[in-house]
2 protein chains.
Amino acid sequence: MRPSAKKIASLLSQKGHKLTAQRRAVIDVVVNSREHLAPAALYERVRRAHPAIGLVTVYRTLEMLHELGLICRVHRGGKSRTYTLAPSGHHHHLVCTECGIVADFTDCDLEVLQQRLSQETGFKIEGHLLQFVGHCRNCQGGT
Amino acid sequence: MRPSAKKIASLLSQKGHKLTAQRRAVIDVVVNSREHLAPAALYERVRRAHPAIGLVTVYRTLEMLHELGLICRVHRGGKSRTYTLAPSGHHHHLVCTECGIVADFTDCDLEVLQQRLSQETGFKIEGHLLQFVGHCRNCQGGT
DNA sequence: CTTATAAGTGAAAAACATTTTCAATTAAGT
DNA sequence: ACTTAATTGAAAATGTTTTTCACTTATAAG
């Protein structure tokens, strides 16, 4: 179940952050978007409800929400980051290289591999990034 | 076995590209570096052998080698790309978030997962990105 | 309800990595 | 050697993200 804007706002203030109109506006957009959005795209949408907001504030708010684990960030090849509401817990992505749509999935079964790598390399492994790329149903016909 | 500079150079000209001093210099650095290097870092090293080279040329050469599949590119969280000589075939990375060092590994066993996802989502999956992050042996003590 | 103040804001500038442009240079085939 | 299309490098353009700093405001205390 996706968290509501109210829930996120209240978590924010519990953590000692102020609840400004700008932050509410950013949270609203994130909560009401199914897609992964880049800061610039989010900024456009937020402006509809709050025309005076600055792009900087959007960046800052997204970073903050990300640090609190409330939204999730995906890096897409050098271009820009995208953010989306964090589904509860650990998950991964399936990205369409044609249209950029992102599907989520949750199970990955990497513990065994992780443990072996940890032993072999001496790394203390703290996380992983798993992402499949391909073409979504809609983009399979075309050139 | 890692390909030699000669081998790469000859592949380049086979593909109809000119063999310039600048390209040779970039190839030499890539072949002689064990690490994954960002274009700027590569540029610094190439300048030792070829002081007049431009950063643009380094970018262009890396892009070209990458398109030919001769070197491999890693995206590291929004910052910059890094390049390294392509080990033969499929492989993945283990990145230290402290010092940025990258270790490679080759086996990932994702076929089963991939097939299931493909069925569930309708995606035609063409590849995947698997990367572990953590702290390497040297960076585990510090703050 | 005021007040104090630390947190938050936005415009502009800085900081980056990367790409584009374009005139000058050069590798490689004839 | 000659020709020419590919390549180069400086500078400018682009695009994203961060920093700076003077101004504003949410929130807690009185």
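Only a predicted model underlies this, so the values are computations on that prediction, with no experimental measurement involved. Chain identifiers are assigned alphabetically (A, B, ...) following the order of the sequence lines, protein sequences preceding nucleic acid strands; residue numbering begins at 1 within each chain.
Residues A:V31 and A:I8 form a side-chain contact, since some pair of their non-hydrogen atoms from C-beta on lies under 4.5 Å apart.
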Working note: B:H50 + B:I53, criterion side chain to side chain contact (heavy atoms under 4.5 Å, CB included); need CA distance, chi angles, decisive distance, verdict. CA-CA 6 Å; B:H50 197 118; B:I53 200 173; 3.8 Å; yes

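Put simply, CZ on A:R23 is 9 Å from C1' on C:dT9, counting in whole angstrom units. Distance A:M64 CE to D:dT17 P: 18 Å, rounded to the nearest Å. Rounded to an integer number of Å, the gap from CD1 of A:I53 to C1' of D:dT25 is 15 Å. Rounded to an integer number of Å, the gap from B:R60 CZ to C:dA17 P is 18 Å. Rounded to an integer number of Å, the gap from B:L42 CG to C:dT18 C1' is 15 Å. The nearest whole Å value for the distance from the CG atom in B:L19 to the C1' atom in D:dT8 is 15 Å. The nearest whole Å value for the distance from the CD atom in B:Q14 to the P atom in C:dA28 is 13 Å. For A:L55 and C:dA12, the CG to P distance is 13 Å, given to the nearest whole Å.
If you check every strand for non-hydrogen atoms under 4.0 Å, A:A38 touches nothing. Within the nucleic acid shown, A:A40 has no heavy atom closer than 4.0 Å to any nucleic acid atom.
Closest contact between the side chain of A:Q22 and the listed nucleotides C:dG10, D:dT7, D:dG9 involves C:dG10. Residue B:T57 places its side chain closer to D:dG9 than to any other of C:dT18, D:dG9, C:dA27. The listed nucleotides are D:dA10, C:dA12, C:dG8; the one nearest the side chain of B:V56 is D:dA10.
Applying the 4.0 Å criterion to OP1 and OP2 of D:dA6, one finds that B:H17 has every side-chain N and O outside that range. Under 4.0 angstrom from either OP1 or OP2 of D:dT18 there lies at least one side-chain N or O belonging to A:R81. Side-chain N/O atoms of A:S13 include none lying less than 4.0 angstrom from OP1 or OP2 on D:dT27. The side chain of A:R73 places no N or O atom within less than 4.0 Å of a non-bridging phosphate oxygen (OP1 or OP2) of D:dT17.
Mapping B:K18 and B:Y59 onto DNA chain C by nearest heavy atom places B:Y59 closer to the 5' end of the strand.
The side-chain contact (heavy atoms from CB on, under 4.5 Å) with B:R45 is formed by just one residue from the set B:D28, B:V26, B:V29; it is B:V29.
Using a distance-only test at 3.5 Å, with no hydrogens or angles considered, no donor-acceptor pair links the side chain of A:S13 to the main chain of A:L19. Judged purely by atom type and a 3.5 angstrom limit, B:R73 has no side-chain atom pairing as donor or acceptor with the backbone of B:T82.
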